[in-house]
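Presented below is the structure to which this report refers.
Note that the coordinates shown come from a computational prediction; the quantities given were computed from them, not determined experimentally.
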Amino acid sequence: YFQKMKCDWIALEVGCGGAYDAGMIFPKALAAITNIGLDHTQLLGKTIPKIAKEKAGIIRKNSHLFTTEQRESILRIFKNICKEKNTTIHPIAPDRMCRGCAFCSENDGAKRPFGAEKCTAPNIHSTHTRTPTNPSANASLAAAIAKHLKIRDNIINDAIAATSLPCRFEIIQKNPLVILDGAHNPMKIANVVHNAKQLTYATLYTMFGCATTKDAAAMVRSLERVTDSFIFTTPRGTAHTFYEPKKLAAMTALPKRAAPNPRTALKAALKKLKPRDALLITGSFYLAGELRKRWISEVVVLTKRNHA
């Protein structure tokens, strides 16, 4: 297929882990690893170092590794593996990541109105327009790889500016605001909370559901920092078992209600929202992806050959 399409470069996303991923059939490839979090622990290991070693399995011999990981203990793992394989490691330093706009920088926690702002970070995508759906670390990682491949800066900037990710702090509706995010571990939820703090709203309702293999309690605690009221529900999916809404509800003292059916819960929530309120749907891609169909059907996605 790739030969038929005459691709110059192919971006292959790992399904899970790295060492045993189907993408390893390609013997020559650059490797890109984002921050390591506690995810898929039943398959990859119960600790960050074990998961890091598993994901480092995508590192090829005599090649290059690009990573946004900052923890020295994890970088040491990557550096040792790169040394064994005669591969060059390229850590993306924090000062090369976007930090000049509302959704890329740490701030005093004050809520800001939603709206794209110009990014002023030096050397990396310095003129593109940033939104919450375009995470700074991932954009910086992609830009660094593109630069390595001798792709021109203007092409990199234009590509990043035109890129959005479905269900990654995706603002699918305004007035009232509805945000979809498939975050399903504490590290990703922390990013969601950070982004939510940048928005202006009167009341934030959080619809949450997750698999029983996830650290639900930690995610709920993190979401409490921005949530006024919870709606706990059960995502639909055959590959996982999910927490019962009542069990999730017991994890917080904030106002909440249990609604087992996600679609029914969404319909009720939308009726309740006032124009200045916000609804955050998170905890699982099964949940965010299913409810996204309320705004964008699968038919539209398939016929347009993008995520619309």
Side-chain angles (χ1 to χ4, degrees), residues 13 37 39 102-103 111 113-116 130-136 138-139 162-201 203-211 214 216 219-220 222-223 225-237 240 242-243 245 248 259-302 304 306-308:
E13 182 181 8
D39 206 2
F103 296 105
K111 296 174 183 176
F114 170 71
R130 298 303 306 256
T131 71
T133 57
N134 196 357
S136 61
N138 288 348
T163 299
S164 63
L165 297 174
C167 296
R168 286 295 194 191
F169 213 83
E170 180 182 16
I171 294 179
I172 199 77
Q173 176 184 307
K174 297 181 183 180
N175 301 317
L177 201 62
V178 180
I179 306 146
L180 302 173
D181 199 295
H184 49 273
N185 65 38
M187 178 183 287
K188 291 183 175 70
I189 287 291
N191 290 333
V192 172
V193 170
H194 171 74
N195 283 339
K197 285 183 176 182
Q198 321 308 314
L199 305 179
T200 294
Y201 48 79
T203 300
L204 176 64
Y205 298 88
T206 296
M207 184 183 297
F208 180 85
C210 73
K214 309 300 181 182
M219 290 190 282
V220 169
S222 185
L223 288 166
R225 294 167 54 195
V226 291
T227 299
D228 295 297
S229 181
F230 279 103
I231 304 165
F232 293 110
T233 190
T234 304
R236 301 289 186 258
H240 296 278
F242 299 92
Y243 279 101
L248 292 172
N261 187 300
R263 291 189 178 185
T264 302
L266 176 61
K267 187 176 180 180
L270 291 175
K271 282 185 177 181
K272 185 175 182 179
L273 288 178
K274 297 177 181 178
R276 287 182 52 77
D277 290 341
L279 172 64
L280 169 63
I281 300 170
T282 191
S284 168
F285 274 117
Y286 287 98
L287 178 62
E290 177 64 25
L291 296 186
R292 191 176 189 267
K293 297 174 187 176
R294 162 69 172 70
W295 292 272
I296 302 173
S297 70
E298 288 184 333
V299 173
V300 171
V301 173
L302 291 172
K304 289 192 174 184
N306 60 30
H307 53 73

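Remark: of the listed residues L279, I281, T282, I281 is the sole one forming a side chain to side chain contact (heavy atoms under 4.5 Å, CB included) with L180.
In terms of the side-chain hydrogen bond (donor to acceptor under 3.5 Å, both in side chains) criterion, R294 has no residue partners (sequence neighbours excluded). Partners of R263 under the side chain to side chain contact (heavy atoms under 4.5 Å, CB included) rule, at least two apart in sequence or in another chain, are N261, E290, L291, K293. Partners of Y243 by side chain to side chain contact (heavy atoms under 4.5 Å, CB included), not counting sequence neighbours, listed by chain and number: C210, T212, A216, K247, L248, M251. Contacts of T206 classified as side-chain hydrogen bond (donor to acceptor under 3.5 Å, both in side chains), with partners at least two apart in sequence or in another chain: T227. Scanning for side-chain hydrogen bond (donor to acceptor under 3.5 Å, both in side chains) contacts around K188 gives an empty result, with sequence neighbours left out. Residues satisfying the ring-ring contact (aromatic ring centres under 6.0 Å, His included) criterion with Y286, sequence neighbours excluded, are H240, F242.
With contacts defined as side-chain heavy-atom distances shorter than 4.5 Å, the pair L199/F169 qualifies. Annotation: side chain of N195 is not in contact with side chain of I179 (no heavy-atom distance under 4.5 Å).
For the atom pair D181 CG and I189 CD1, the distance stands at 6.5 Å (nearest 0.5 Å). Rounding to the nearest 0.5 Å gives a distance of 7.0 Å between CD1 of I172 and CH2 of W295. Here CG of L165 is found 9.0 Å from CD of E170. Values are rounded to the nearest 0.5 Å.
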Donor-acceptor pairs are to be reported for all side-chain atoms of residues 270-277 against protein atoms at under 3.5 Å, with residues two or more places apart or in another chain.
unit_1, atom_1, unit_2, atom_2, d
D277, OD1, T203, N, 3.2
D277, OD2, K274, N, 3.0

Return all side-chain donor-acceptor pairs below 3.5 angstrom for residues 230-237, not counting sequence neighbours, or 'none' if the list is empty.
unit_1, atom_1, unit_2, atom_2, d
T233, OG1, A259, O, 2.6
T233, OG1, P260, O, 3.3
R236, NH1, T234, O, 2.8
R236, NH1, P260, O, 3.4
R236, NH2, P260, O, 3.4

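Taking both residues in full, the closest heavy atoms of F285 and P166 are given as CE2-O, 4.5 Å, listed atom of the first, atom of the second, then distance. Heavy atoms only, all atoms of each residue included: M219 and H184 are closest at SD-C, 3.5 Å.
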